[in-house]
Amino acid sequence: MRFSRLLVPTTKETPNDATLASHIYLIRGGFIQSVGGSGLYNFLPLGKKVLDKVRAVVKEELDKAGCQEVSLSFVTPSSLWEESGRYEKYGKELLRFKDRKNNEFVLGPTHEEMMVNLVRQTVKSYKQLPLNLYQINLKFRDEIRPRFGLMRGREFLMKDGYSFHTSSEDMKREFDLMEKTYKKIFTRLGLEFRVVEADSGAIGGSGSKEFMVLADSGEDTIVVCEGCDYGANIEAAVAKPKSCDTDTEIKVVTMKALYDEGKTKYIGYMLPADIELQDVKACNAVGANDLVECEEQETVSMMVIDETLKSLQSGNELGAQEVYYADISSVSEGDSCAVCGGILRYTKGIEAGHIFQLGTQYSEPLGCTFLDENGKAQPMVMGTYGIGVSRLLAAIIEQNHDDKGCIWTKESAPFDLHIIISNIKDEAQLALGETLYEAMQKKGVDVLLDDRKDRFGAKMKDYELVGVPHAVVIGKKLSDGLVEFITRDGLIKEEISFNEILTLLTERF
RNA sequence: CGGAGUGUAGCGCAGUCUGGUAGCGCACCUGGUUUGGGACCAGGGGGUCGAAGGUUCGAGUCCUUUCACUCCGACCA
């Protein structure tokens with residue numbers, strides 16, 4: 001591609017709403033364009049190229065693991081969501097609308113219902129299982145507060161996969177396979193990441209793991225062990241229980257739990273005074289949709305006692321109708337690892353992937369069953385696996401940038417090689433540039449030739465902003481027989497004889 | 001949903017207090033000079049001032065209503 005023909009609106013100025021490096025450089029580098037704010041973006045040619053490259057890596061690894069790609073209708077009849085019970089539960093993030101015949105639809109924020117519907121209509125026998133289907137398609141979530149560019153847009157590209165099994169053992173085998181596959185994907189994309197234990201959130205299910213790209217700007221706090229590879233989202237992290245005895249000081253935190261149809265309950269949470277209540281664990285412990293803070297209550301309808309106090313507290317003296325024990329304590333930095341006893345630390349991560357063991361949570365209400373060897377109908381056991389593909393672009397830049405711009409990794413870069421002709425009026429420079437450009441193209445290297453009339457400085461700034469891994473600069477020193485080979489990561493410049501540059505490029509690419 | 005703020009050219013902003021025919025930088029177009037770190041000179045195009053209503057001889061500016069967006073918090077791939 002010739003730069004002079006490429007639509008890359010790079011800018012000097014940073015957009016005023018951008019605070020994150022990935023947001024700033026994706027806009028400034030002309031990869032994406034904001035659509036009237038509010039978390040919607042157009043992908044310009046460069047952004048689309050990167051998106052396609054990332055998508056290709058995801059697809060390749062999934063296909064190798066035996067998954068099959070499909071594409072589901074983005075617009076989904078509301079009736080499917082009513083069947084699963086999520087039409088009520090999902091809340092305002094779900095964009096609902098009507099067509100001209102007044103039929104109700106939703107714009108898919110995730111596609112469990114749609115995929116289960118597809119499978120229940122086509123799969124009837126245990127002989128057809130297991131099955132792992134996925135798509136890489138648009139999702140829409142009407143986020144309360146979209147921000148950070150591609151990190152949290154309302155419309156985004158997501159890979160969502162769903163597997164169907166005859167038993168939970170087989171589902172767990174697939175779950176492990178997906179963990180391995182995801183690790184390969186993130187490794188190929190050149191990301192530093194950590195697989196952590198996670199809370200299952202609104203999608204539901206039991207075991208779940210998140211793939212966290214490590215970056216200081218990440219929105220999630222994760223707990224990692226210094227001694228072993230234990231890692232967990234702070235919402236799900238567990239530490240080695242601290243020993244408690246009758247002298248341990250106790251506190252009770254009162255919260256209001258919100259349930260379907262506007263029902264509320266007051267819950268008392270009892271835990272050691274020096275440990276903070278972990279909200280997500282606390283919410284899960286009582287099966288509520290949400291917890292809100294409230295005034296202290298004289299009586300509560302339910303008392304949840306932290307497991308560390310199990311042998312010491314009965315809870316009866318507090319007058320609660322029901323008493324449960326659960327892990328509701330949060331993990332602090334410096335706590336001991338439950339696995340190896342090492343020291344736990346906090347770090348920040350970007351949630352780029354999430355895999356769940358779903359079980360029969362969707363297959364049962366939606367009647368997705370198969371006939372087993374005895375001809376008996378059984379609900380399929382499911383797993384679900386997601387990757388935020390457009391978010392990955394942001395994650396790659398968060399992890400790979402400097403104060404000049406993007407530094408794309410090999411498998412994500414919009415081009416393999418960037419050739420800069422310093423002054424196109426210099427015939428020798430122009431001729432060498434064209435020669436290299438043609439030779440590389442013939443070889444199948446995706447090369448960008450900066451043949452614009454601009455001055456050297458402007459071209460160099462654009463190169464640094466766009467962030468292709470390698471560049472050749474053909475400039476002033478050509479009169480001494482030299483060109484420059486640049487590695488974007490670190491901006492390392494090597495002077496090469498113009499006779500040898502073609503050989504070097506041929507070897508490297 | 002709570003708190004704060006902003007809507008004026010493609011982008012970034014001034015002008016609003018004190019009403020009087022729309023301005024700056026970047027970008028864009030034309031011509032010329034320039035070519036190793038976002039060039040310079042000269043000329044040029046581009047706006048129902050977020051929307052609706054009101055006050056006034058006259059509204060970007062004052063009043064009322066409304067919409068949108070941004071930032072800070074509680075939720076999420």
Side-chain angles (χ1 to χ4, degrees), chain A residues 9-19 27-28 30 33-40 90-94 108-111 136-148 150-161 182 198-203 208 210-213 218-220 233 235 258 279-280 283 289-293 349-356 384-395 404-405 420-426 429-430 452-465 473-479 482-484 486 491 493:
Chain A
T10 57
T11 56
K12 265 187 279 191
E13 285 175 51
T14 72
N16 69 26
D17 61 329
T19 51
I27 298 270
R28 282 195 51 208
Q33 177 189 50
S34 166
V35 181
S38 76
L40 303 175
Y90 213 93
K92 285 188 179 167
E93 268 184 40
L94 185 62
T110 167
H111 282 169
I136 300 172
N137 259 351
L138 271 187
K139 300 287 174 290
F140 191 91
R141 293 185 191 174
D142 202 356
E143 290 279 347
I144 302 167
R145 189 149 109 76
R147 59 184 132 170
F148 303 141
L150 294 185
M151 200 69 91
R152 180 171 301 287
R154 286 196 294 175
E155 187 182 273
F156 56 98
L157 191 68
M158 177 164 123
K159 173 260 157 173
D160 50 323
Y182 274 34
D199 171 61
S200 302
I203 295 175
S208 114
E210 287 171 331
F211 292 74
M212 290 290 185
V213 172
E219 290 187 86
D220 289 273
N233 192 304
E235 295 172 350
L258 309 181
D279 294 348
V280 175
C283 185
N289 294 339
D290 200 7
L291 283 186
V292 289
E293 285 179 29
I350 299 164
E351 185 183 354
H354 202 159
I355 58 178
F356 297 85
T384 177
Y385 320 95
I387 294 179
V389 177
S390 47
R391 175 179 280 183
L392 271 177
L393 302 207
K404 294 187 162 72
I420 298 168
I421 301 172
S422 177
N423 179 2
I424 60 160
K425 287 202 175 161
D426 182 312
Q429 291 182 21
L430 184 63
R452 292 174 301 169
K453 216 185 139 199
D454 299 57
R455 311 176 110 219
F456 175 77
K459 294 183 187 181
M460 203 57 199
K461 291 282 184 197
D462 276 348
Y463 167 67
E464 287 158 352
L465 199 49
V473 176
I474 303 166
K476 259 191 166 168
K477 287 180 188 152
L478 183 61
S479 50
L482 294 172
V483 297
E484 266 173 340
I486 299 182
L491 284 173
K493 298 176 183 176

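Labels below follow one simple rule: chain letters A, B, ... track the order of the sequence lines, proteins then strands, and each chain is numbered from 1.
- For the atom pair CD of A/Glu219 and CD1 of A/Ile350, the computed distance is 8.5 Å after rounding to the nearest 0.5 Å.
- Following rounding to the nearest Å, A/Asp454 (CG) and B/rA27 (C1') show an atom-to-atom distance of 12 Å.
- The base of B/rG37 sits within donor-acceptor range of the side chain of A/Glu464, with an N or O pair under 3.5 Å.
- Between the side chain of A/Arg28 and the main chain of A/Thr11, a donor-acceptor pair closer than 3.5 Å is present.
- The residue A/Met460 sits close to a base: some heavy atom pair falls under 4.0 Å.
- B/rC11 and B/rA27 are spaced 8 Å apart, taking the C1' atom of each and rounding to whole Å.
- Under the salt bridge (charged side-chain N to carboxylate O under 4.0 Å, His left out) criterion, A/Lys459 pairs with no residue, sequence neighbours left out.
- B/rC69: Watson-Crick or G-U partner is B/rG5, with both key distances under 3.5 Å.
- Using bins of under 30°, 30° to 60° and over 60° for the plane-to-plane angle, the ring pair A/Tyr182/A/Phe211 lands in the tilted bin.
- Within the 4.0 angstrom heavy-atom criterion, base atoms lie near A/Lys425.
- Nucleotides B/rG25 and B/rU21 have their C1' atoms positioned 24 Å apart, rounded to a whole Å.
- Each of A/Pro146 and A/Lys404 has a nearest nucleotide on RNA chain B; the 5'-most of these lies closest to A/Lys404.
- Applying the 5.5 angstrom centroid cut-off and the 30 degree plane-angle cut-off, the aromatic ring of A/Phe156 is stacked upon the base of B/rA77.
- Using a 4.0 Å heavy-atom distance criterion, A/Glu351 is classed as a sugar-phosphate-only contact.
- Scanning atom types as modelled, no donor and acceptor separated by under 3.5 angstrom connect the side chain of A/Arg145 and the base of B/rG2.
- A donor and an acceptor atom never sit less than 3.5 Å apart when one is taken from the side chain of A/Gln429 and the other from the base of B/rG36.
- Residue-to-nucleotide contacts include a donor-acceptor pair under 3.5 Å from the side chain of A/Asp462 to the base of B/rG38.
- Of the nucleotides present, none pairs with B/rU61 by Watson-Crick or G-U wobble criteria with both distances under 3.5 Å.
- Checked by atom type and distance alone, the side chain of A/Arg141 never pairs as donor or acceptor with a backbone atom of A/Leu94 at under 3.5 Å.
- The interatomic distance linking A/Leu40 (CG) with B/rA68 (P) rounds to 14 Å, in whole Å.
- The base-pairing partner of B/rC24, taking Watson-Crick or G-U wobble contacts with both distances under 3.5 Å, is B/rG12.
- The base of B/rG37 is not paired with the side chain of A/Lys12 by any donor and acceptor separated by under 3.5 Å.
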